Structures are given as structure tokens and as C-alpha cells.
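These numbers come from a predicted model, not from an experiment. Note on naming: letters A, B, ... go to the chains in the order of the sequence lines (proteins, then strands), and numbering restarts at 1 for each one.
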Amino acid sequence: MSELSEQEILRRNSLKELRDLGIDPYPAELFKVNVTAKEIHDQFPKDNGLFQDVSIAGRIMQRRIMGAAAFTEIQDATGKIQLYFKRDEICPGEDKTMYNIVFKRLLDIGDIIGVKGFVFTTQMGETTIHVKEFKLLSKSLKVLPNVKEKEDKVWDAFTDPEQRYRQRYLDLIVNPKVKDTFFKRTQIMNTMREYLNEKGYLEVETPILQPLYGGAAARPFKTHHNSLDMTLYLRIANELYLKRLIVGGYDGVYEFSKDFRNEGMDRFHNPEFTQIELYVAYKDYNWMMDLVEEMVEKIAMDMHGTTKVKVGDKEIDFKRPWKRITMYDAIQEHTTIDISEMNEKQLTEVAKKVGVEVDASMGKGKLIDEIFGETVEPNLIQPTFITDYPVEMSPLAKKHRSKPGLVERFEAIANGKELCNAFSELNDPIDQRKRFEEQLELGKRGDDESMVLDEDFLRALEYGMPPTAGLGIGIDRLAMMMTNSPSIQDVIFFPQMRPEKKAAGATDAEFMEFGIPEAWVPVIRKAGFKTIEEFKAANPNKLFNDLGGLRKKLKLDIPALKIEEVRAWFE
RNA sequence: GAUUCCGUAGCUCAGCUGGUAGAGCAUAUGCCUUUUAAGCAUAGGGUCCUGGGUUCGAGCCCCAGCGGGAUCACCA
């Protein structure tokens, strides 16, 4: 246990006092709630006859006590509402303990209480609950960051990203907009789920632990299964498993999948992230473009009531139809260079010219991809489909029906970022084997993201997979865009971070080995002794005096020490 | 991984040329029966991220480390 601050010690003392008064600070039984803050705010002003017998629970966020009356603000899942406490109503009899002691002194900001009463409007015009009785539901021992707000103004905002991400619960308590962002994230997934279920596609689950990682070009996390004594990888994509299910005879399957990639982290990348992948039999990539447009447009409409979404200083309009342009045309449009007929050597020259760092591991596909990423992608703000990628960079996509050297693939780009990736799936098992082998070649050249060969997947294809359209959408990236969040950490509840720094110093047990009673250990620390070495060097007489002083100062309810006891610790 | 900025009270942040550690909110105590970020008054509260160094003297300067932010690199 780390050292307690003065306020934390006070709260622990309050906890004990409550118990002494016969009040359980953590009661077991449920507290019946019949209304939310939002319901009251939405309906009461229209009909003052409503809510004359409410029961509501929430966390105390603010208190203003004026003698025998007080205003308190509680926050439930839907928002905040003000409470009015009056001493003689809380305590109608002679005994004013519940108000004077329990409410005024033993409750704190952060405590969770339940109240019963009726709703009225104060002279200041604020909808308020007049409390007739209250009950402590959970005592809070830690002090919340105290954020003050009034309409749009916020004082002392809780903004430190490290604390916000590490202690997301605090972020959620204190920054109401955060709750809304995650509500919207779920709304995006619900809209997708409804849309796809309505079409009759099946939501499925496939392995996260995979003996071979495939379906994307990325470096995996590696782990080990003890009883099988084998290496397993955390999936980087679920593509190859979903396609096996299409071979098995489903018309359409999709999965919201957590994928894991062992790569750099920044505001667009978290090591684990969520994708939806969808595969539909007897369709092609043109059909899939229509679906993506329709589905994403619907998400924007469901969430914002319009197809226009503000992202940073831009406004993105997801209204159908989106622009469609081939990759080569897009590169030519932005650079005036036609790379469609170029070989690897020529492409290397172009890449260098536009400012791409080139190395020997790069094949033709990678080079084109880099050129595209450098010159075109950041400039595509409004949703745009880029179609017809070179075969070298798409080992799982079907060869283009009419353009040699290309595959039937598209990405949707919006706000300069990839929104989705999709293709007519390659179902020619012999071609697929060849493509895997080419990937192996790239691997030998040093491309550590090249794909590995999956024999079982090839075997599945050999049984025959119908022509299939496949799609992957990054949910985190989409959520960022739809909620106008500048960083991926803002749309992931618990983004990956380095472990918290450990507090140095001796443990409670180490101190107790000297015979120090447990209750005194925090006091020893408070007196400035963090390590055993420091403690051993202490003067027993001075320590005795200091501890006695601290006991008094902190109003600790533990028996005073005798000098003999303290001396005994040092023998 | 590189560059750069940051780390001071429970929270948000000041801190002079290197000379006794500051404010607001929060907390405690007293007063006060409807306040609107903060009622009034008073008080308590600190490992100035850690460890070295320079100095009579370091929150401040130097070195190293830890943690974080931003930008870049990497990122089908």
C-alpha cells in the first residue's frame, strides 16, 4: 500500500465513523431506482406534476453547504442533477445526526448515494430534487480530480493523457464527453450489425490464437502453448478463416475481430485494434463498393442525422455515390507520372523522386504502394474509392477481369486515411499458391511483413470457393472519424501503455518484520522512512516523538506507542 | 528508433539571475435555511519524477535514468 494523502486518511476515518454509527458504507442490498437524471431534465419542465416520488442514485460531484440547507449535485449514467437537502426534513426529530454528521461531515465528493424525494424548480430556475431521505451506497476513498464547469466553460479540466488513458474510469466520471464517444463507437457497430444481419449474413467467431498468421502483411505477436509445446501467433487478420467458411457453404459471414500487430504505436496505431471483415459469396468488388457506400452512409445518418461529419477543421460528406478512380489514374492525377507500364527499376526512380525511402527488400507492389501513400492518399479528403491495385501488393485478390497485372481490389479513403480494404477474393488455388510463393520470395529479400504460406487454406480453396467479395473496415479508425477524435487512444477504452512505474521502497511486510504494528506502517512512511536502510538509521527517541506527533496531527484512531515499543523495533 | 517539450499540493498550474515552496479549486474548522465554476473567514496540506554532479546554497544549472506529450520514421 502506498502512502496515503491527508485527504485519503480523512476519508478512511469517516469510513470508520460511519460504521460506528451503524451505517454500512458498502451495503449489500439493491437500491431501487425509478428515474434517471436525463428523464427528469427532459420531462419535468413540461409537466411540473411529474416526478413527485422519485428514487435516484448517483455519484456526488459537487456540494455547497449553507448551514441547515445544502445543494449537492449527483451524476448518474445519463448526466447530472441537483439535490436540495434541508436539515429538518432529513431529520424530522430531535436527532440531527443524519444531517449534521453523516451528510455534512462524513459524505464527500465522489461518494455514491441513493436519494428519495420530489422534483421542483429552485428560485434560480434549476430543476432540483428535494431530498426526503438519502442512503450511502458506496464510500469513495480517493479524491476525484475536481473539474468545474458551467455550460461550455470548464475550469481545471482533467486533460493529462497519461492519467486519462491509464485511469479511464476517472476520465469517464469527470469528462462526460468521453462517455458519449464510446456510446457512439458502440452505435457504429450496432448499425453495422443490424445492416448485415438484415441481409442474412452470419456473425461468426474464428481463432485469435493461430498456428500461422495470415491475411495481411504485418508482424505478429508470438506466444507459446504449453501442452502442445508449439508456437502460436495472435491473429493479424481473420481473412483466411472466414474464407474457409465460405468454402463450407455460407453465403455471407462477418466477424468483429480484435487483431494484433506488433508494430509501432502512435495516434493512429494501437497494438490491438478492431476490424470488421465481411465475405459474401457470388459477389464481386463492384458490388462490395455499393455496400460500403450504403453502410457507411447509414452509420453517419444514424449517428448524426446527416451524411456530413465534422472532422478536425474539415467536413466530410459520406453521401453516396463516392468518387471512384483507379490507382494508376490517381497517381497520374497527383504527380502527372504514368507508372502503369513501369518495371521495378523505373518505379524505384519514381519513388526516390517523390521522396520515398527505398531499400532492397521492396518489390514492385511495395514501391507502388509507397508512391501512392506519399503522393495521393493524404490528399483524398472526401470519401473516394481507389480501385485496381497491382497484383504484387495484393496476394489474396483476384486478377482483374480485363486489365493484366492488376487485381480487383479497392480501398475507400477519407480524410487522407484508409477507411476500408476490399477485393474480389482470389479463388483459383493454383494462382493462390503461386502468389504465396512470391510472398516467400519477398520474405527472403528481407520484407518482414510478407505473408506465409498456409497449406490448409490452399487445400480449402482446392475444394472450390465460390466467387466471393471480401471487405475489411477498421472500426477504430472509423470511430475516430465519426466522433471527431484526433487519436486512436480516444476511441479505445484502455489503450496500450507502458506499465506504471512501481513505487520504490520497502513493503508493509518488511516493516512489520521489525515488530511494527500494521497500523503504524503508513505513519512510519509519513515520517519520511521509505526504505529499510533509512529506517534502521533512525534515532528511536526522535522517531517515537515524531510518530506521536503524527498520530495527533492526523487524528489517527490507534493506540499511542510507548517508548519501549519503539526501542524494541531497533533491538 | 530520432528530434523536441514537459514532470512542483488531491486537481489545474505559477515560481525571478541559483538565495526561506506559491495561487485557485478541493480538504478541515467556525459562521450561514435556495446557491449557479467559487457563500464568508481561518487553517492544514510538498520525495519540487529518480539518482548523481557543480555550488556556501539547486524546484531552477550540468549528466544519466524513468514516465508522458507532440512531430518524424515504421505502419496490407
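Taking 3.5 Å as the limit, the base of B/G67 and the side chain of A/Glu162 contain no donor-acceptor pair of atoms between them. Side-chain to base pairing of A/Glu126 with B/U36: one donor and one acceptor N or O lie within less than 3.5 Å of each other. Remark: the A/Thr159 side chain and the B/U12 base include no donor-acceptor N/O pair separated by less than 3.5 Å. Scanning atom types as modelled, no donor and acceptor separated by under 3.5 angstrom connect the side chain of A/Gln62 and the base of B/A37. The base of B/C74 is paired with the side chain of A/Asp266 by a donor and an acceptor separated by under 3.5 Å. One donor-acceptor pair, N or O on each side, does fall under 3.5 Å between the base of B/A76 and the side chain of A/Arg261.
Ring planes of A/Phe221 and A/Phe260: perpendicular class, angle over 60° (limits at 30 and 60°).
Taking every side-chain heavy atom of A/Gln163 into account, B/C11 is the closest of B/A26, B/U34, B/C11. In this structure, of B/U33, B/A76, B/U71, it is B/A76 that holds the atom nearest to the side chain of A/Ala216. Checked against B/U35, B/G10, B/U33, the side chain of A/Ala69 finds its nearest nucleotide in B/U33. Checking B/U35, B/A28, B/G10 against every side-chain atom of A/Val143, the shortest atom distance belongs to B/G10. Listed nucleotides B/A26, B/A37, B/G68 differ in distance to A/Arg166; the shortest reach to its side chain belongs to B/G68. Checked against B/G39, B/A76, B/A28, the side chain of A/Leu10 finds its nearest nucleotide in B/A28. With B/C11, B/A76, B/G68 as the candidates, the nucleotide lying closest to the side chain of A/Asn421 is B/A76.
Within the shown strands, nothing qualifies as a pairing partner of B/U17 under the Watson-Crick or G-U definition with both distances less than 3.5 Å. Nucleotide B/U29 has B/A41 as its partner under the Watson-Crick or G-U criteria, with both atom distances under 3.5 Å.
Here the two rings, on A/Phe85 and A/Phe134, have centers that are under 6.0 Å apart.
In this structure, A/Ile236 reaches neither bases nor backbone, as no heavy-atom distance under 4.0 Å exists between it and the strands shown. In this structure, A/Tyr389 reaches neither bases nor backbone, as no heavy-atom distance under 4.0 Å exists between it and the strands shown. Within 4.0 Å (heavy atoms only), A/Gln82 reaches at least one base atom of the nucleic acid. In this structure, A/Arg11 reaches neither bases nor backbone, as no heavy-atom distance under 4.0 Å exists between it and the strands shown. Using a 4.0 Å heavy-atom distance criterion, A/Glu392 is classed as making no nucleic acid contact.
Distance noted for atom C1' between B/G44 and B/G1: 48 Å (whole Å). With both ends at atom C1', the span from B/U8 to B/A14 equals 10 Å, rounded to whole Å. Using atom C1' as the reference point in both B/G15 and B/G46, the two lie 14 Å apart (nearest Å).
Across the interface with RNA chain B, nearest-nucleotide mapping of A/Gly125 and A/Val147 shows A/Val147 to be the residue nearer the 5′ end. Nearest-nucleotide mapping onto RNA chain B: of A/Asp88 and A/Phe158, the residue sitting toward the 5' end is A/Phe158.
At a threshold of 4.5 Å between non-hydrogen side-chain atoms, the residues A/Val407 and A/Pro390 do not count as touching. Using a 4.5 Å heavy-atom cutoff, the side chains of A/Leu170 and A/Phe158 are in contact.
Here B/U35 presents its C1' atom at 5 Å from CZ of A/Arg64, a figure rounded to the nearest Å. To the nearest angstrom, C1' of B/U33 lies 13 Å from CG of A/Asn100. The interatomic distance linking A/Asp171 (CG) with B/C11 (P) rounds to 15 Å, in whole Å. Look at CD on A/Glu8: it is 10 Å from P on B/C11, rounded to the nearest Å. Atom C1' of nucleotide B/A28 and atom CG of A/Leu106 are separated by 13 Å, given to the nearest angstrom.
Here the rule is side chain to side chain contact (heavy atoms under 4.5 Å, CB included) with A/Val119, and of A/Ile56, A/Thr127, A/Ile81 only A/Thr127 fits it.
Side-chain atoms of A/Ser140 and A/Asp111 include no donor-acceptor pair closer than 3.5 Å.
For A/Lys80, the NZ atom is densely surrounded, since the number of other residues' heavy atoms within 6.0 Å is greater than 12.
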